[in-house]
Amino acid sequence: MELLRFPILILVTSIEASCILQKRKPIIQYFLFLSCFILISCLILKHLLSKAPPVYLVDFSCLKPPSFCRVPFSSFIENTSMMESYDADSISFMAKILTSSGLSEETCLPPALHYIPPKTHQQESIKEAHMLLFPLMEDLLSKTKLSPLDIDILVVNCSGFCPSPSLSSIIINKYSMRSDIKSYNLSGMGCSASLIGIHLAQTLLKIHANSHAVVLSTEILSAGWYSGNDRPKLPINCLFRMGSAAILLSNRKQANKSSKYRLFCSLRTQSAFDDKAYLSAFREEDSKGNLGVTLKRDLLQVAGETLRLNITVLGSSIFPFSKKVWLTISVLRKKFIDKSSEVNVPNFKSVIHHFCLPTSGRQVIREIAQGLKLEDREMEPALMTLQRFGNQSSSSLWYELAYLEAKERVKKGDKVWLLGMGSGPKCNSVVWECIRPIIGESKRGPWADCIARYPIVAVDQGM
């Protein structure tokens with residue numbers, strides 16, 4: 001409104017002078033004034049809305065699980081074989097999944113799942129949440145030299161565990177945050193939930209100026225453990241491991257000097273409207289009442305279709321005009337002329353420098369990389385994260401970004417694509433642009449004591 005005052009003053013003066021000189025009636029004068037006022041207001045408001053302050057990624061932290069939580073394959077198989085809930089076929093099936101998963105012997109499970117039988121009740125899950133989130137939050141605040149009172153927006157995502165009070169309330173209580181903090185708790189969003197949290201924070205930062213937002217991403221594994229013999233539900237036990245990430249976003253002007261990245265674009269797509277896609281990964285009880293997540297055989301096909309939709313829309317926003325035209329023609333041909341034809345996906349490496357892919361399994365990583373025309377170097381962060389830490393659900397993407405930083409591969413001006421896929425099914429993309437040199441990360445973070453060992457060639461080759 002302050003910006004409107006000066007042009008309105010000029011407009012009113014001009015109309016008054018015109019009406020006096022031409023001896024027009026007042027009704028015409030007021031009609032002209034109103035029309036011009038609406039027009040100018042719309043133009044200025046459009047300009048202001050299109051100039052929303054940029055969103056910066058100041059810094060982020062990833063939890064390194066304590067060594068006492070490590071679960072070698074032999075220990076996993078020995079423990080499960082001692083549990084009465086599993087028969088011999090189920091144990092053999094889980095052993096096969098482990099050996100072909102791409103995980104190493106260093107991945108971790110929370111203390112509650114080290115017991116025989118596992119402790120999966122509410123109180124243990126609360127303890128696990130404390131273990132995952134408190135050290136993480138403290139590390140982020142230490143890195144960024146912020147007080148909990150400086151946080152204006154808090155978003156916490158955890159797919160399978162939704163206590164009351166919520167996880168966001170637990171954080172607010174622990175750190176005595178402000179009474180006017182805007183807090184949100186996301187559940188049931190699957191492995192893409194972290195990027196949904198980023199998108200939510202981005203939307204809020206467009207509205208609330210001069211603000212800091214923290215996004216916390218984790219998964220409480222004790223709440224999702226499956227104790228039954230239904231095969232489609234057993235892979236979850238074998239692939240998912242401990243992990244959590246904390247991300248600080250800001251729209252403050254001064255954040256431009258200290259931040260690592262600027263948000264280039266974000267995109268969310270989903271296929272929940274389709275019954276086949278909706279039921280491809282579903283949390284439900286088996287015939288004996290044991291709760292678990294069923295992974296259907298057509299999950300990979302559904303994921304591929306959801307990914308194709310996401311990258312088509314993303315490509316239309318980040319590629320040069322000539323490539324957009326060919327992409328559009330390819331999509332229209334597949335939809336209306338020849339449904340068996342392939343969408344001509346342009347080479348994303350021409351505009352994106354680094355890729356963080358879903359760590360849903362070694363084969364899934366390779367399938368996605370093949371569809372995006374990526375090579376071993378682009379797959380490396382995902383494969384190494386899966387090998388060292390396992391599938392950490394929504395937080396895995398941040399371990400991949402930490403890997404790239406520890407290897408000092410991200411340079412000023414580079415763009416990094418974080419691609420998340422989750423149940424629903426959903427596919428979410430966030431592209432960051434590096435705005436300053438990133439050095440010294442090899443000495444801190446989750447990769448600090450092991451980055452020199454990577455990449456492991458055997459994992460790269462799928463051996």
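In this chain, residues are counted from 1 in sequence order.
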Hey, is [atom1] on [X] packed in by over 12 heavy atoms from elsewhere, all under 6.0 Å?
| X | atom1 | answer |
| --- | --- | --- |
| Arg444 | CZ | yes |
| Lys443 | NZ | no |
| Met82 | CE | no |

Lys174 to Phe134, cation-pi by 6.0 Å centre distance and 45° axis angle: yes

Tell me whether Lys119 forms a cation-pi arrangement with Tyr115, defined as NZ or CZ under 6.0 Å from the six-membered ring centre and within 45 degrees of its axis. yes

Taking every non-hydrogen atom, the tightest pair across [X] and [Y]:
| X | Y | answer |
| --- | --- | --- |
| Pro381 | Leu404 | CG-CD2, 3.6 Å |
| Phe389 | Arg241 | O-CB, 3.2 Å |
| Ser192 | Lys426 | OG-CB, 3.9 Å |
| Ser271 | Ala277 | O-CB, 3.4 Å |
| Ala213 | Ala201 | CB-CB, 4.2 Å |
| Tyr86 | Ser227 | OH-CA, 3.6 Å |

Whether [X] side chain and [Y] backbone form a donor-acceptor pair below 3.5 Å:
| X | Y | answer |
| --- | --- | --- |
| Asp152 | His212 | yes |
| Asn428 | Met421 | no |
| Gln270 | Gly424 | no |
| Ser259 | Tyr261 | no |
| His199 | Arg268 | no |
| Ser142 | Glu138 | no |
| Lys407 | Ala452 | no |
| Asp286 | Gly289 | yes |
| Asn310 | Cys427 | yes |
| Ser75 | Val71 | no |

If you define the side chain from C-beta out and look only at heavy atoms, does anything of [X] sit under 4.5 Å from [Y]?
| X | Y | value |
| --- | --- | --- |
| Ser394 | Cys191 | no |
| Asn157 | Ser187 | no |
| Lys64 | Trp447 | no |
| Ser244 | Leu216 | no |
| Pro66 | Met131 | yes |
| Tyr399 | Leu63 | yes |
| Lys276 | Lys296 | no |
| Arg436 | Ser258 | no |

Does the side chain of Gln387 come under 3.5 Å of the side chain of Tyr454 through a donor N or O and an acceptor N or O? yes

Side-chain donor-acceptor contact under 3.5 Å, Ser222 with Glu128: yes

Given Leu140, Thr144, Ile247, Ile171, the one that forms side-chain contact (heavy atoms from CB on, under 4.5 Å) with Val214: Leu140

In Å and rounded to the nearest 0.5 Å, what is the [atom1] to [atom2] distance from [X] to [Y]?
| X | Y | atom1 | atom2 | value |
| --- | --- | --- | --- | --- |
| Leu200 | Leu186 | CG | CG | 6.0 Å |
| Asp139 | Phe60 | CG | CZ | 11.0 Å |
| Glu380 | Thr385 | CD | OG1 | 9.5 Å |
| Glu378 | Asp376 | CD | CG | 8.5 Å |

SB check [X] [Y] (cutoff 4.0 Å):
| X | Y | value |
| --- | --- | --- |
| Lys411 | Asp414 | no |
| Glu106 | Arg453 | yes |
| Arg388 | Glu105 | no |
| Glu441 | Lys260 | yes |
| Glu305 | Arg308 | no |

Begin from the C-alpha positions of Asp298 and Ser280 and carry the test side chain to side chain contact (heavy atoms under 4.5 Å, CB included) through to its verdict. CA-CA 7 Å; Asp298 54 7; Ser280 61; 4.1 Å; yes

Before you tell me yes or no, could you show the steps for Leu195 and Leu397 under side chain to side chain contact (heavy atoms under 4.5 Å, CB included), namely the whole-Å CA-CA distance, both residues' side-chain angles and the distance that decides it to 0.1 Å? CA-CA 9 Å; Leu195 300 188; Leu397 296 172; 3.8 Å; yes

Can you name the ring pair (Phe, Tyr, Trp, His ring centres under 6.0 Å) partners of Tyr226, sequence neighbours left out? none

Just do the side-chain hydrogen bond (donor to acceptor under 3.5 Å, both in side chains) check on Trp398 and Ser217 with the steps written out, would you? CA-CA 9 Å; Trp398 302 101; Ser217 298; 4.7 Å; no

Hey, what's the ring geometry for Trp417 with Phe355, parallel, tilted or perpendicular (30° and 60° as the breaks)? tilted

Working for side chain to side chain contact (heavy atoms under 4.5 Å, CB included), residues Leu132 and Met242: CA-CA 8 Å; Leu132 289 168; Met242 285 179 71; 3.8 Å; yes

Just to verify, which of Lys233, Arg231, Glu285, Arg283 counts as forming a side chain to side chain donor-acceptor pair (under 3.5 Å) with Thr294? Lys233

Using the rule given for side chain to side chain contact (heavy atoms under 4.5 Å, CB included), can you reason through Lys143 versus Ser61, listing the C-alpha separation, both sets of side-chain angles and the distance that settles it, and then say yes or no? CA-CA 8 Å; Lys143 274 184 176 181; Ser61 294; 3.5 Å; yes

What do the steps show when you test Ser90 against Asp87 for side-chain hydrogen bond (donor to acceptor under 3.5 Å, both in side chains), and what is the final call? CA-CA 5 Å; Ser90 294; Asp87 57 29; 3.0 Å; yes

Using the ring centroid of each side chain, check whether Phe264 and Trp432 are separated by less than 6.0 Å. no

So Ser266 and Gln202, side-chain hydrogen bond (donor to acceptor under 3.5 Å, both in side chains) or not? Walk me through it. CA-CA 9 Å; Ser266 64; Gln202 174 196 8; 2.7 Å; yes

